[in-house]
2 protein chains.
Amino acid sequence: MKRDSRLSGVLHVLLHMAEVDGPVTSETMAQAMSTNPAVIRRIMAGLREAGFVRSEKGHGGGWTIARNLAAITLRDVYVALGTPELFAMGNRTEAPGCLVEQAVNAALDGAFREAEALLLDRFGAVTLAELSADFHARMVASGKTIDLETVHAV
Amino acid sequence: MKRDSRLSGVLHVLLHMAEVDGPVTSETMAQAMSTNPAVIRRIMAGLREAGFVRSEKGHGGGWTIARNLAAITLRDVYVALGTPELFAMGNRTEAPGCLVEQAVNAALDGAFREAEALLLDRFGAVTLAELSADFHARMVASGKTIDLETVHAV
DNA sequence: CATCACGTAACATCATATGATACATGAAAC
DNA sequence: GTTTCATGTATCATATGATGTTACGTGATG
């Protein structure tokens, strides 16, 4: 199974946006993440609908963060993406007639539900502001400059 | 991503084996799970190496459980499968040079590690004997007979 | 009105779990 | 001993879903 990296990707993009003053175009983000502008737009669509970011067309257009980073948790972002599947494992058959499979499903489902609750709880406890602060701490520790990281090398 | 259903499948097979006296062939299991014998053998290979089941070739051959069900936890089975990936989400880039991505990865990894620990803990707390007991309880509750379920309808 | 950038659909690609086939090996039955 | 059965395993086919790509429409700026 190919692992879904949209959450990772969109968080990356958001933190980069936070470092820049004006709007950032999909094109710029795509280069930074070595992917395609259409991919960026696709991922950001949910965030726009959720009101976390704004997009403007035309000259000087692009994406801007529309809310304070301290008011956005990882869980908010996850939900804005459409709550993608968290687990790589699932039941062979949902709603099976076989009682054995029902027993198996019940046991596995219980464990996965607990794990999901824990994940969402942890996601809900981390704001983008905290992530950004962590980033800045790493930057100080590494001695690198904002610009280098913002431009993402290239 | 397609979800991995090997754990679900192998548990299903094991509980069915527990209901039968003699060895069960891959062919029989495959029919019960509407899949292919080779798939069964592939899944069971890890369990055989771990010593949880035994396989015999030739006439009257097939698979038998080699250990008390109370001595096998879901975690044991999961590990015998080769500890397949639990999560459907991953980092866009492991070991990134970008400090932003490092901060993002650190946050996500922490949450996923906690969730993994919880899952393994829950898996380790459930034995196949308990699962089997749950199955029997469901059977009593439903009024069905062992044979019907064992043969898996067809 | 030409250019820029998003919005979105449609299609291609790639990775991976699963399904299917084939053949070798070993054990039991005859 | 030869046939039959069943596993062991490699190899290939298929299906699914995330991601990459292209194309074109829309609206805003200069």
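Lettering of chains follows the sequences in order, A, B, ..., and the numbering in each one begins at 1.
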Walk me through it: do B:Trp63 and B:Ser26 pass the test side-chain hydrogen bond (donor to acceptor under 3.5 Å, both in side chains)?
CA-CA 7 Å; B:Trp63 300 82; B:Ser26 308; 2.9 Å; yes
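- Along DNA chain D, the nucleotide nearest B:Glu27 and the nucleotide nearest B:Arg42 are compared for position; the residue whose nucleotide lies closer to the 5' end is B:Glu27.
- In this structure, A:Arg54 atom CZ and D:dG27 atom C1' are separated by 17 Å, rounded to whole Å.
- Between C:dG7 and A:Arg48, a contact under 4.0 Å exists linking OP1 or OP2 to a side-chain N or O.
- How far OG1 of A:Thr127 is from CG of A:Asp76: 10.0 Å, rounded to the nearest 0.5 Å.
- Remark: side-chain polar atoms of A:Asp109 are not paired, donor with acceptor, to backbone N or O of A:Ala106 under 3.5 angstrom.
- Distance CE (B:Met17) to C1' (D:dT7): 13 Å, rounded to an integer number of Å.
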Using a cut-off of 4.0 Å between protein heavy atoms and nucleotide atoms, how would you tag nucleotides 21-30 of chain C 5' to 3' with B, S and -?
B---BBBBS-
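- Side-chain atoms of B:Tyr78 come within 3.5 Å of backbone N or O of B:Pro84 as a donor-acceptor pair.
- Residue B:Thr35 has a polar side-chain atom (N or O) positioned under 4.0 Å from OP1 or OP2 of C:dG19.
- Counting only residues at least two apart or on different chains, the salt bridge (Lys or Arg N to Asp or Glu O under 4.0 Å) pairs with a member in residues 113-128 of chain A are A:Glu114-B:Arg122, A:Arg122-B:Glu114.
- Rounding to whole angstrom units, CD of residue A:Gln31 and P of D:dG20 are separated by 14 Å.
- In this structure, A:Met33 places its CE atom 14 Å from C1' of D:dA18, rounding to the nearest Å.
- Between B:Ser26 and D:dA6 there is no side-chain N or O to OP1 or OP2 distance below 4.0 Å.
- The distance between atom CD of A:Glu49 and atom C1' of C:dC6, rounded to the nearest whole Å, is 14 Å.
- Protein atom CH2 of B:Trp63 is 7 Å distant from nucleotide atom C1' of D:dT7, rounded to whole Å.
- Taking atom CG of A:Leu81 as the reference point, atom P of D:dG17 lies 18 Å away to the nearest angstrom.
- Toward the 5' end of DNA chain C, the nearer of the two residues B:Arg6 and A:Thr25, judged by each one's closest nucleotide, is A:Thr25.
- Judged by distance alone, with hydrogens and angles left aside, the side-chain atoms of B:Arg92 form a donor-acceptor pair with the main-chain N or O of A:Met33 at under 3.5 Å.
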Take B:Glu101 and A:His16 through the test side-chain hydrogen bond (donor to acceptor under 3.5 Å, both in side chains) and record every step on the way to the result.
CA-CA 9 Å; B:Glu101 189 130 30; A:His16 272 297; over 6 Å; no
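- Look at B:Ser55 and you won't find any side-chain N or O under 4.0 angstrom from OP1 or OP2 of D:dA6.
- Put simply, CD1 on B:Ile40 is 16 Å from P on D:dT9, counting in whole angstrom units.
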